[in-house]
Amino acid sequence: MRKRIGFFICHCGINIAGTVDVKKVSEGLSKYPGVVHSEDYIYMCSDPGQSRMVEAIKEKKLDKVVIACCSPTLHETTFRNAAKVAGINSFQCEIANVREQCSWVHKDMKKATAKAIKISKAAIERARLNESLEPISVPVTRRALVIGGGISGIQSALDLANSGYEVILVERSPSIGGHMIQLSETFPTLDCSQCIMTPKMVEVSKHPKIKLLTYSEIQEVAGYIGNFKVKILKKPTYVDPDKCTLCDECTKVCPVAVPNEFELGLTRRRAIYIPFPQAIPATYTLDINNCPGLFPIACGKCADVCEPGAIDFDMKPEILEEEVGSIIVSTGYDLYGKEEMAEYGYGKYEDVLDGLQFERLLSASGPTMGKILRPSDHKEPKEVVFIQCVGSRDPELHCAYCSKICCMYTAKHAMLYKHHVHDGQPYVFYIDIRSGGKDYEEFVQRAIEEDGVIYLRGKVSKIFQEGDKIKVWGVDTLSGKVIEIDADMVVLAMAMRPSEGASELAKKLKIALDKDGFLAEAHPKLRPVESLTSGMFLAGAAQAPKDIPEAVAQASGAAVKAVNILSQDRLYHSPTIATVNLTLCTGCGMCVDVCAYEAIKLEEGKAVVNEVLCEGCGTCSATCLRAAIKVKNITPLQVHEMIKVALGG
Amino acid sequence: MVKLDDIKKECKSILEEGKVKYIVGYKRNNNYYMSIPAFIEKIEETDQLIWDPTCVYNLVRFLRDEKLRKERQKTPDTRPIGVIVKGCDSRAINVLLQEKFIKRENVYIIGVACEKSGVIEKKKLRKKFNEKNIKQIEFGKDNNFIITTEKGKTTISAEEILAERCIECNNNTPVIYDVLLGEKVERSLSEHFRSLEKFESISTEEKWNFWKKELDKCIRCYACRSVCPMCYCDECIADSISLAVKPDTTAEEKAQKIRWVEKSPVSSENFSYHLIRALHLAGRCIDCGECERVCPVDIPLRYLNKKMEKEASEQFGYTAGLDPEKPALVSDFKDDDPQDFII
């Protein structure tokens, strides 16, 4: 049966019509074999534009339509839906891109018009051979996985659980809480971080829909949106949380002392320890790397004193297999490495601290019980220098990006210092103050005006120890004066960077990283919480530096995105996928290696495509030396016919 | 230099033990100095085996025939076949393993190291001798060849008649084998890719003219394709008529057959054929030189493939046939792959 093809060209205002003679294209195409209807219209994507197409399909009994307009990434869905409304299969609608690939990139009207005609003819040739297809549907596993138990992960998990979905929250350290639980007070309201964080942590631990897996890591992720299969490694803590009564006898006898991670090395902990009093789950963990030895047992003192017998040296690592429909990644941040910042004496002088260490000094539950004392001699510092942008905004040597939160927390640090030490003097070296955010600018002004924090616009040139003072040399670029401060303590606002291991995890999840190693979002403006892998979402500082309100907002956003999937009965997948001609396939496996979605496997020496994993990108088709694999509706024959027309033949 | 007796001894022992079905090696051709492939099934036949500078053929090609033969048989003898390979030929086996065309257990590889020598190129030989007078060519001492003619024996420096690919070769020892005969010797007779310099220095127009002249000679006999160990597809994309239509070929598949290349030996079609072949061999060609050797109209095909080999090496650090476990050139990517060709 002869095909009845309809052709429409959009003016797109003057976007297309300014360079392409659309009347001429429409006229030219009206004589092309198979075309029974050809017209131009000012905005095809507008409601009247779509109606014209629907009417033409009905009136002239068209069975295929080609729209010459903008890129198919923009309006292909619009026109395909309209085609469906008109009663033809949506895959019988094809787009000829005459804007991005023609009018926008050319000036000469005559040549651009000729090219637009060729592009349109090629699309008609493609449409002629298009198969009618129906979307592939798959069931959904209505559970979610949240990776990372900081404030973002906690928020996502709670939002999902409160929407009625089961959540598995995986955290690699012994307790949830992340960096937020380490903070003293939070800007701009100065409420106690632990006080606002712990209720959420408790809610997580008590929530019937949340399965909390601490001291656990993601080992393997397979599957696809709606149907992920995850392997989780649960490391042994050697302590049974149900038996443990938190009597703390074990730490008293443990002979080992190592730097305490929670206190950022300001104090030491035992090999058996609880990270902090409010830890969730509330139990001890035996750190196998620092224990004198379990196999054979070299010490065993902790087990000897443990009355309830909670310590079990025979505990083994477990691998749990879970099925989930959606994954939220909230792996957070770490501070830029000490070793990178030798020029500021970081790691060399005891009284040069980073922002998180200073938080611990400020914290009422910290190593000094909320008193600000120098780590070196436990004296109260009278002059403290805060340096901003340490490692940030330094494309030559360190990180090019702005870590975003440092301006605000430095103002907070200086302010809180002044609240603790009334006769002390805080100085802040800054490049500029970035205080965009609700009540943020007022907060900084308060630090300057009410608390007398001296802000110096300039960079520090040298830091060195002289006697018990730390000399800070710098310049105030506003007054042009050289500044020399005999400081008692220096606090560095270190850059934020993606947490350790985030890139390895990203590889397991097959989600992309940006140039700085943060997890890449699908679109910087319109899809900021989605990753490029469908079904996986991003939350918190793992995606980019951000403060608590932003992290929480993104976490809730990610949870809603996950609910979008989990609330469906079935998910629909594009049917334009790769198919294998088994006669031609030699089973060389090149397509298997090249497939970015791991959608192809070799079975009995032939390639087999998983139709849900396949995204129809066509890389396999381009790689296959035997032309044995092709993507539906963009087959080699279609490409051949399109080339033939484009070459004028 | 590898002793012929060692090769014979090895072949005898594996045949005796019944390890292999038969062995593909080289034997003397009646009344001609060039060797020919030998298929040795019986122990007494091993005496026919020879090893001299005329053992140019890449015998890996016969693994394909063996595979096809086995597929046709109802109860095939599943023992491996033995094959004698040089350094270059051994890499062809690696490519076939990488592409899962053969299985390692299907082949018993008798690797023979070329050491400091290699094989002859007939074109070079013809310039110096009247081929008809030559009776035999043997490896001599000190990297020389001994040529026996009717008039007696002449010693000639190997480099004078050594194949260009052997001069450039840096894989003179087999990289995969069950048994290796001869010594692993490091050598560099010349820089790798030296032969390409001449082509790379000329202008685009000169290049076009050169290849047009060469490819216009092509009579599309497909000898290059028939001899190539990598050209093992049942159905070549260059064929438009002689398609392997099998009982399970659907009507749709028949309708979708595309004539990418027409049969007629005209410039455009010849270019299409040879460029498709060169691209399909990128990251696979191991420079055994067989295509160029068998070309009846002397098209310097090796240069096309060598250029692809150079691009793969310089742009992506990839050499074909070194590791069958690694992904192939075109099915692998690294974050730091060059991207400057993207506009």
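Convention: sequence-line order gives letters A, B, ...; per-chain numbering from 1.
Residue A:E340 places its CD atom among more than 12 non-hydrogen atoms of other residues, nucleotides or ligands, all under 6.0 Å distant. Heavy atoms from other residues, nucleotides or ligands lying under 6.0 Å from NZ of A:K601 number 12 at most. Within 6.0 Å of atom NZ in B:K326, 12 or fewer heavy atoms from other residues, nucleotides or ligands are found, so the atom counts as exposed in its surroundings. Within a 6.0 Å radius of CD in A:E500, other residues, nucleotides and ligands contribute 12 heavy atoms or fewer. More than 12 heavy atoms of other residues, nucleotides or ligands sit less than 6.0 Å from atom CD of B:E105. Annotation: A:E598, atom CD; neighbour count of heavy atoms from other residues, nucleotides and ligands within 6.0 Å does not exceed 12.
When all heavy atoms are compared, the tightest approach of B:A328 to A:D593 is N-OD2, 4.4 Å.
Remark: A:C588 SG to B:R284 CZ distance equals 7.5 Å, nearest 0.5 Å. Taken to the nearest 0.5 Å, the CZ atom of A:R626 stands 12.0 Å off from the CD atom of B:E235. Expressed to the nearest 0.5 Å, how far OG1 of A:T623 lies from CG of B:L329 amounts to 10.5 Å. Rounded to the nearest 0.5 angstrom, B:F101 CZ and A:T586 OG1 are separated by 7.5 Å. Going from atom CG of B:D234 over to atom CG of A:L584 covers 8.0 Å, rounded to the nearest 0.5 Å. Going from atom CG of A:L625 over to atom CG of B:L281 covers 8.5 Å, rounded to the nearest 0.5 Å.
Looking at B:F333, neither its backbone nor its side chain comes within 4.5 Å of chain A, counting heavy atoms on both sides.
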